[in-house]
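See below for the structure under consideration.
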Amino acid sequence: MFKSLTLHLRRTTAVSVIAIAASALTANAQLLWRISGNGLEKPSYIFGTHHCAPVSTADSTTGFAEALQSVEQVYGEIEMAKMASPDIQQYMASVIMAPADSTLDKVLTPEQIAQVNEYLGKITGGMPLTTASFNSMRPAMLSNTISMLLMKQILPDFNPLQTLDGSIQQKALAMGKTVGGLETPEFQINVLFGSPISQQAEALIRNIESTDDPFESARRMTAAYLSGDLETLYGIIIDPDKGMTGQEADTLIYNRNEAWIEFLMGMLPTTTMMIVVGAGHLPGERGVINLLRKAGYEVTPA
């Protein structure tokens with residue numbers, strides 16, 4: 001009973017924080033940005049997403065509907081519909097599995113296994129979920145599952161089968177617009193799960209040791225996103241104590257940003273676009289917004 005009450009209080013507190021953040025969304029958010037200048041006859045747009053945010057976030061953003069209506073094409077990180085194809089599902093299943101000599105019980109010590117199991121108990125309210133369920137998978141799969149479990153507690157209505165990114169692409173298709181991806185599903189799967197298993201194991205342990213309250217970073221990150229505070233969101237993501245190492249930031253954020261900009265340099269002069277990517281890719285010196293500005297475009301809050 002005590003665990004259930006504690007979990008209820010965490011949910012209530014998180015929802016209150018998010019409600020306050022969401023109430024500021026229409027007035028202060030900087031999730032939607034306009035791309036103009038540099039010879040463009042009509043503007044294109046960038047919209048920053050949070051992959052676990054409510055699908056209603058876009059509709060709550062001032063100017064989003066008009067911006068979506070005005071463009072010819074919508075490009076996400078990937079074309080979401082492709083993720084459901086049997087070939088991609090089979091590919092992902094093959095990538096997330098660990099070699100026989102690198103299962104969790106071989107890359108983590110017994111003490112670390114116990115540490116992870118204790119952490120899983122905290123974030124599930126004591127449900128019987130342990131590393132044994134993930135033993136044959138790469139550590140990144142367990143890390144990804146932990147992130148989903150945390151977000152499910154912070155955002156009880158979160159449905160991993162109904163994402164904000166996917167919802168926007170579905171709306172665009174219904175409007176007769178071209179939908180595409182800045183990278184292939186195979187590439188993104190490898191980025192997320194293809195790094196050396198030793199690095200994945202280190203990241204797993206580092207992340208669960210980063211705070212006494214496993215919900216702290218998830219709450220802060222979600223509230224920052226829903227209030228459109230990209231700088232705070234970015235600071236949490238790149239914090240080496242709570243987020244990722246410099247090498248991980250290069251792989252997961254910066255190298256991809258640069259590849260996207262190279263692709264967009266050929267697209268922006270020829271069409272009007274809405275670029276829909278994770279909000280963590282937008283801010284910072286090596287973020288998409290600044291890289292577009294360096295390329296000669298004006299990027300301003302829409």
Side-chain angles (χ1 to χ4, degrees), residues 21 24-25 28-38 43-53 57-58 61 63-64 67 75-78 140 143-144 147 151 164-165 168 181-183 187-188 190-192 195 199 203 206-207 210-211 216-265 267-268 273-302:
L25 186 59
N28 302 314
Q30 295 184 7
L31 300 178
L32 180 65
W33 297 75
R34 180 186 295 105
I35 307 169
S36 59
N38 206 18
S44 287
Y45 295 87
I46 311 171
F47 184 71
T49 63
H50 182 314
H51 300 311
C52 301
T57 304
T61 302
F64 177 86
Y75 267 72
E77 295 182 18
I78 59 173
S143 293
N144 185 68
S147 296
M151 283 302 166
L164 176 57
D165 302 73
I168 293 171
L182 297 169
E183 54 198 25
F187 177 85
Q188 188 167 101
N190 272 298
V191 166
L192 295 175
S195 60
Q199 292 181 14
R206 183 179 69 248
N207 288 339
S210 65
T211 177
E216 177 194 1
S217 291
R219 278 196 296 262
R220 289 177 57 220
M221 187 179 297
T222 302
Y225 172 75
L226 289 176
S227 63
D229 187 351
L230 295 183
E231 293 305 321
T232 295
L233 178 68
Y234 180 61
I236 297 169
I237 292 172
I238 65 169
D239 181 345
D241 293 326
K242 299 183 183 297
M244 57 185 71
T245 65
Q247 181 179 355
E248 290 167 345
D250 281 339
T251 300
L252 293 171
I253 301 178
Y254 303 131
N255 294 345
R256 295 168 70 198
N257 290 353
E258 291 165 4
W260 296 348
I261 293 299
E262 184 176 351
F263 173 78
L264 292 171
M265 289 305 94
M267 292 289 290
L268 286 169
M273 307 176 67
M274 178 175 283
I275 304 152
V276 180
V277 296
H281 290 277
L282 303 189
E285 178 67 21
R286 298 172 66 186
V288 169
I289 290 173
N290 195 50
L291 292 177
L292 284 169
R293 287 172 175 164
K294 285 184 175 181
Y297 292 100
E298 297 176 17
V299 186
T300 55

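In what follows, residues are counted from 1 in the order of the sequence shown.
- In this structure, I237 CD1 and I253 CD1 are separated by 5.5 Å, a value rounded to the nearest 0.5 Å.
- In this structure Y234 satisfies the ring-ring contact (aromatic ring centres under 6.0 Å, His included) test with no other residue, sequence neighbours excluded.
- With sequence neighbours left out, H50 forms a ring-ring contact (aromatic ring centres under 6.0 Å, His included) with Y225.
- Of the inter-residue distances, the one linking I78 atom CD1 with L182 atom CG reads 10.5 Å to the nearest 0.5 angstrom.
- Checked against side-chain hydrogen bond (donor to acceptor under 3.5 Å, both in side chains), S44 has no partners two or more places apart in sequence or in another chain.
- Between the side chain of T61 and the backbone N or O of F64 there is no donor-acceptor pair closer than 3.5 Å.
- Looking at every heavy atom in both residues, L233 comes nearest to A279 through CD2-CB, 3.6 Å.
- The line from CG of D239 to OG of S217 is 7.5 Å long, rounded to the nearest 0.5 Å.
- Listed by chain and residue number, nothing satisfies the ring-ring contact (aromatic ring centres under 6.0 Å, His included) test with F187 (two or more places apart in sequence, or in another chain).
- The CG atom of L282 lies 8.0 Å from the CH2 atom of W33; values are rounded to the nearest 0.5 Å.
- Evaluation of the salt bridge (charged side-chain N to carboxylate O under 4.0 Å, His left out) test over residues 255-264, restricted to residues two or more places apart or in two chains, returns E77-R256, E183-R256, E258-R286.
- Note: I46 CD1 to I35 CD1 = 4.0 Å, rounded to the nearest 0.5 Å.
- Note that the OG1 atom of T222 and the CZ atom of R219 stand 10.0 Å from one another [nearest 0.5 Å].
- For residues 276-302, every residue pair satisfying the ring-ring contact (aromatic ring centres under 6.0 Å, His included) rule, not counting sequence neighbours, is listed here: W260-H281.
- Under the rule for a side-chain contact (heavy atoms from CB on, under 4.5 Å), the partners of T232 that lie at least two apart in sequence or sit in another chain are A224, D229, I236.
- Every ring-ring contact (aromatic ring centres under 6.0 Å, His included) that Y75 has, sequence neighbours left out, goes to F263.
- Taking the side-chain hydrogen bond (donor to acceptor under 3.5 Å, both in side chains) definition, one finds that N144 meets it with nothing, sequence neighbours left out.
- Here Q199 pairs with S195, P196, Q247 under the side-chain contact (heavy atoms from CB on, under 4.5 Å) rule; sequence neighbours left out.
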